[in-house]
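Structure first, commentary second.
In listed order, ligands and their atoms are each counted from 1.
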Amino acid sequence: MKNIVSPSILSADFANLERDIKRVKDAGAQWLHIDVMDGHFVPNITIGVPVVASIRKITDLFLDVHLMIENPKDYIEPFVKAGADIITFHYEAVEPESISELIEYIKSFNIKVGMSIKPKTSVEVLYPYLNELDMVLIMTVEPGFGGQKFMEDCAEKIIPLKSRGSEDLIIQVDGGINADTARICTSYGANSLVSGNYIYKADDLNSAVKSLF
Ligand code: DX5
Ligand code: ZN
């Protein structure tokens with residue numbers, strides 16, 4: 001089966017966002033990765049609800065919203081209304097006793113749900129939730145910025161997830177993904193690849209997207 005390619009618009013030209021979204025769609029990408037940062041959970045501020053709502057109007061790509069924010073629960077409904085198809089929150093942003101409730105809450109809007117871990121977080125924290133989640137997102141860089149170097153030791157977290165999760169579990173990686181690092185991740189069992197700089201800074205965007213399938 002083809003990998004799910006989710007180009008990260010963090011590396012796109014925000015003044016030409018519609019053009020840059022069409023380009024990845026024409027190249028065959030199925031999803032669009034939208035990095036939401038609040039300046040608290042990570043030291044950067046990026047995209048919010050109104051931008052997602054505007055993107056929804058101009059594309060039928062599956063909108064993959066990656067929340068790198070504190071208090072994610074407070075923003076689920078606004079992002080659903082804006083048109084998110086899957087919302088991924090960070091394990092580190094939620095009290096452990098509230099995680100199952102948050103997963104159910106996101107699912108109650110009839111969208112998909114993912115949970116992500118940062119590089120220093122052990123993969124084991126995901127195990128209790130694998131049957132509740134549609135997707136796990138393994139960060140292969142410290143969240144906050146595009147264009148960082150892929151951390152191979154993080155990718156090894158995929159191995160136990162592949163053996164423990166169901167066939168349907170989507171295993172996504174994010175950070176420093178290019179054709180070479182994608183191959184490492186898919187050999188471990190990843191099937192969804194987020195990629196920003198590699199796609200949007202490529203001389204040939206079309207080939208860059210296609211090299212990830
Ligand atoms: C980083 C973001 C990523 C970022 C990836 O915190 O979560 O989605 O856009 O960018 P690249 O592919 O350039 O590492
Ligand atoms: Zn991301």
Side-chain angles (χ1 to χ4, degrees), residues 3-14 17 20-21 23-24 27 29-48 51-52 55 61-70 72 75 79 84-93 112-121 126 133-155 157-158 170-186 190-205 207-213:
N3 299 316
I4 299 167
V5 176
S6 194
S8 170
I9 55 164
L10 193 56
S11 301
D13 176 358
F14 284 173
L17 204 46
D20 278 3
I21 291 169
R23 281 183 177 166
V24 293
Q30 311 96 321
W31 288 18
L32 192 71
H33 188 81
I34 302 171
D35 288 303
V36 177
M37 305 187 191
D38 65 354
H40 293 279
F41 183 73
V42 287
N44 196 8
I45 298 176
T46 54
I47 294 162
V51 177
V52 176
I55 292 172
L61 284 168
F62 195 86
L63 299 186
D64 170 22
V65 175
H66 178 191
L67 297 183
M68 285 160 275
I69 62 173
E70 289 177 359
Y75 300 92
F79 278 107
D85 293 300
I86 181 166
I87 294 181
T88 299
F89 65 90
H90 265 267
Y91 168 82
E92 301 86 356
K112 290 190 189 295
V113 57
M115 183 160 74
S116 181
I117 53 170
K118 298 204 278 186
K120 291 192 188 76
T121 303
L126 296 172
L133 292 163
D134 296 296
M135 182 170 89
V136 287
L137 166 50
I138 302 299
M139 290 306 301
T140 43
V141 298
E142 275 301 333
F145 301 91
Q148 302 182 77
K149 191 174 178 292
F150 176 76
M151 299 162 81
E152 189 163 352
D153 53 333
C154 293
K157 294 176 182 174
I158 298 163
I170 301 168
I171 303 177
Q172 185 177 66
V173 284
D174 182 8
I177 299 298
N178 57 40
D180 296 331
T181 57
R183 212 161 295 126
I184 295 170
C185 295
T186 54
N191 54 6
S192 175
L193 305 164
V194 175
S195 181
N197 254 42
Y198 171 65
I199 290 176
Y200 278 113
K201 306 294 180 218
D203 292 335
D204 182 350
L205 177 146
S207 307
V209 171
K210 290 193 163 63
S211 72
L212 299 175
F213 289 120

Protein N, O or S within less than 2.8 Å of the Zn ion (ligand 2), waters excluded: H33 NE2, D35 OD1, H66 ND1, D174 OD2
F150, CZ: over 12 other non-hydrogen atoms inside 6.0 angstrom: yes
Neighbouring residues of ligand 1, heavy-atom cut-off under 4.0 Å: S8, L10, H33, D35, M37, H66, M68, M139, P143, G144, F145, G146, G147, D174, G175, G176, V194, S195, G196, N197
Any V24 side-chain heavy atom under 4.5 Å of Y200 side chain: yes
Check: N191 side chain, I170 main-chain N or O, donor-acceptor pair, under 3.5 Å: no
Between CD1 on residue I21 and CD1 on residue I9, distance to nearest 0.5 Å: 5.5 Å
Listed partners of D38 passing side chain to side chain contact (heavy atoms under 4.5 Å, CB included), at least two apart: H40, F41, I69, E70
ring-ring contact (aromatic ring centres under 6.0 Å, His included) against F213, all qualifying residues, sequence neighbours excluded: none
Between S8 and D174: side-chain donor-acceptor atoms closer than 3.5 Å: no
Check: M139 and C154 side chains under 4.5 Å, non-hydrogen atoms: no
M68 side chain near T46 side chain, heavy-atom distance below 4.5 Å: no
